[in-house]
Amino acid sequence: QWRGVITEYADRLPAHVAEKIVTLAEGGTPLVAAPALSQRTGADVHVKVEGMNPTGSFKDRGMTTAMSAAAARGAQAVVCASTGNTSASAAAYATRAGMVCAVLVPDGKIAMGKLSQAIAHGAKLLQVDGNFDDCLVVARKLAEAYPVELVNSVNPDRIEGQKTAAFEVVDALGDAPDIHALPVGNAGNITAYWKGYREYAGIATSEQGPGAAPVAVATRTPAMWGFQAAGAAPIVQGHPVDPETIATAIRIGNPASWTQAEQARDDSGGVIEAVSDDEILAAHRILSAEVGVFVEPASAAGVAGLLSRAERGLVPAGARVVVTVTGHGLKDPQWALRGPDGADVTPTRVGADVVSVADALGLE
Ligand SMILES: Cc1ncc(COP(=O)(O)O)c(/C=C/C(=O)C(=O)O)c1O
């Protein structure tokens with residue numbers, strides 16, 4: 001039985017997150033081969049399916065560590081700004097910890113599935129008149145001025161928990177891949193993966209302290225390929241932007257982990273590029289229709305970027321590639337009901353008799 005990332009990787013996490021473990025047995029998610037993507041790119045592609053976490057996104061990895069640390073400090077209340085998945089996760093883990101959870105979300109820009117999760121878990125949900133970046137500024141000020149702990153990915157305990165995904169990839173493959181692709185919004189996840197890959201390759205990261213080189217499992221580290229939505233690509237453009245994309249999870253104009261993301265890109269010999277909403281939706285459909293994995297649009301940004309680079313001849317033949325898909329499709333199911341031409345897909349209606357059904361299925 002998988003016991004959650006704090007227990008499974010205790011020797012690679014700071015001691016203070018293990019004093020009072022708050023867990024929903026997060027982590028241990030599938031790493032599935034994706035032949036359809038391998039054929040399209042000429043590489044050997046696996047997909048890390050993070051929608052299979054307890055609240056349906058990768059955020060649970062960082063929430064178990066952040067909430068456990070808060071519980072150990074005797075916190076009674078937590079706050080987060082969120083485009084949706086962080087709030088869903090914070091609400092669930094706060095429930096486990098018996099804490100009050102305040103969430104600040106951009107007014108009208110949160111997917112229904114995530115909204116219902118935060119409400120279901122009893123979070124105090126405030127729709128802020130502004131975008132995610134405005135919500136994060138307010139959440140940080142709230143945590144400074146009041147007895148409320150901030151659980152956004154500016155909290156280093158979030159990064160500690162999220163780095164375990166890199167450990168799982170190496171444990172599953174036997175070594176690090178050549179390339180790791182993923183979406184980039186607030187840039188906590190690309191930061192966390194790069195930290196995890198370095199530590200698993202025996203490289204001490206700043207938080208380890210001098211000389212405390214971790215035990216190596218991997219023989220190498222991958223190139224990190226991060227992808228932003230074209231309408232929300234501050235790192236690509238080199239300045240904050242007023243974000244606009246249908247991929248509301250990554251509709252972020254001023255990422256909190258901006259410099260760390262650039263460090264991951266540069267130190268790993270990787271890239272951070274932009275993909276259009278159309279490319280994101282096309283990748284979203286390929287994942288559903290050809291790989292069998294249902295994700296919310298933002299989750300497909302890494303696949304969109306990989307396909308785009310393959311079209312430009314930038315994916316080395318036979319390269320071992322892992323792409324993280326970050327959130328389950330049920331978070332934002334409306335997109336699956338919209339065909340490639342943008343028209344809504346309506347289910348066929350038939351009479352309750354076998355002849356009508358056989359006819360509708362073209363078996364007649
Ligand atoms: C499905 C999905 N895919 C990718 C990202 C980007 O990860 P980061 O680059 O670490 O921010 C998010 C982020 C969501 C929030 O930031 C939030 O929930 O507040 C996401 O939900």
Side-chain angles (χ1 to χ4, degrees), residues 48-53 55-63 66 79-92 103-106 109-111 113-115 117-118 123 125 128 131-136 139 150-155 158-159 161-163 165 181-195 224-229 232-236 243 245-258 260-262 264-265 272 275 280 283-284 287 293-305 323-332 335:
K48 183 67 172 164
V49 189
E50 287 293 278
M52 299 303 283
N53 277 294
T55 74
S57 87
F58 70 94
K59 301 289 183 181
D60 296 339
R61 291 181 185 277
M63 213 46 81
V79 64
C80 70
S82 178
T83 62
N85 280 320
T86 295
S87 60
S89 184
V103 300
L104 310 180
V105 298
K109 292 290 177 190
I110 174 172
K114 308 168 185 179
L115 188 62
Q117 284 179 284
L125 186 132
V128 172
N131 61 31
F132 167 84
D133 307 283
D134 304 318
C135 294
L136 186 54
L150 183 68
V151 290
N152 275 95
S153 57
V154 293
N155 178 330
R158 280 280 309 276
I159 303 300
Q162 288 177 208
K163 76 184 182 183
L182 79 170
V184 172
N186 216 15
N189 215 21
I190 189 170
T191 300
Y193 268 96
W194 181 233
K195 190 170 195 286
M224 298 303 298
W225 288 9
F227 298 96
Q228 300 200 295
I235 299 176
V236 178
T245 171
I246 55 101
T248 52
I250 54 175
R251 188 173 174 274
I252 294 173
N254 189 10
S257 300
W258 191 318
Q260 298 92 317
E262 289 180 328
R265 174 195 63 195
I272 294 181
V275 284
I280 287 172
H284 167 266
L287 279 162
V293 175
F294 185 30
V295 303
E296 67 171 289
S299 304
V303 171
V323 194
T324 295
V325 290
T326 42
H328 202 286
L330 292 174
K331 296 272 189 167
D332 200 359
W335 294 104

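Ligands are counted one by one from 1 in listed order, and the atoms in each one are counted from 1 as well. Only a predicted model underlies this, so the values are computations on that prediction, with no experimental measurement involved. All residue numbers in this chain count up from 1 along the given sequence.
Of all protein heavy atoms, the one closest to atom 10 (O) of ligand 1 is Asn189 N, 2.8 Å.
Taking every heavy atom of Ile250 and a limit of under 4.0 angstrom, the matching atoms of ligand 1 come to 4 (C), 5 (C), 6 (C). Atoms of ligand 1 found under 4.0 Å from any heavy atom of Phe132 (numbered from 1 in listed order, with element): 19 (O). Applying the 4.0 Å criterion to heavy atoms of Thr86 picks out, from ligand 1, the atoms 15 (C), 17 (C), 18 (O), 19 (O). Those atoms of ligand 1 that come under 4.0 Å of a heavy atom in Val184, given as number and element, are 9 (O). Near Thr326, the atoms of ligand 1 lying under 4.0 angstrom from a non-hydrogen atom of the residue are 1 (C), 2 (C), 3 (N), 4 (C). Proximity to Asn186 (heavy-atom distance under 4.0 Å) selects the following atoms of ligand 1: 8 (P), 9 (O), 11 (O).
On a distance-only criterion, Pro183 and ligand 1 share no N/O pair closer than 3.5 Å. Not one N or O of Lys114 is nearer than 3.5 Å to an N or O of ligand 1, by distance alone. Where the criterion is an N or O separation shorter than 3.5 Å, residue side chain and backbone included, Asn85 meets it with respect to ligand 1. An N or O contact shorter than 3.5 Å links Ser82 to ligand 1 by distance. Considering backbone and side-chain N/O atoms, Glu296 never comes within less than 3.5 Å of an N/O atom of ligand 1. The distance criterion of under 3.5 Å between nitrogen or oxygen atoms is not met by Ile252 with respect to ligand 1. Considering backbone and side-chain atoms alike, Thr83 places an N or O below 3.5 Å from some N or O of ligand 1.
Judged by the shortest distance from any of its heavy atoms, Gly84 lies inside the 4.0 Å radius around the atoms of ligand 1.
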(request) For side-chain contact (heavy atoms from CB on, under 4.5 Å), just list the numbers for Phe294 and Lys331, CA-CA rounded to whole Å, side-chain angles, deciding distance to a tenth of an Å, and then say yes or no. (result) CA-CA 10 Å; Phe294 185 30; Lys331 296 272 189 167; over 6 Å; no

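Of all the heavy atoms of Ala187, the ones lying under 4.0 Å from any atom of ligand 1 belong exclusively to the backbone. With a 4.0 Å cut-off on non-hydrogen atoms, Lys331 does not touch ligand 1 at all.
Inspection of the Gln117 and Asn85 side chains reveals no N or O donor paired with an N or O acceptor under 3.5 Å.
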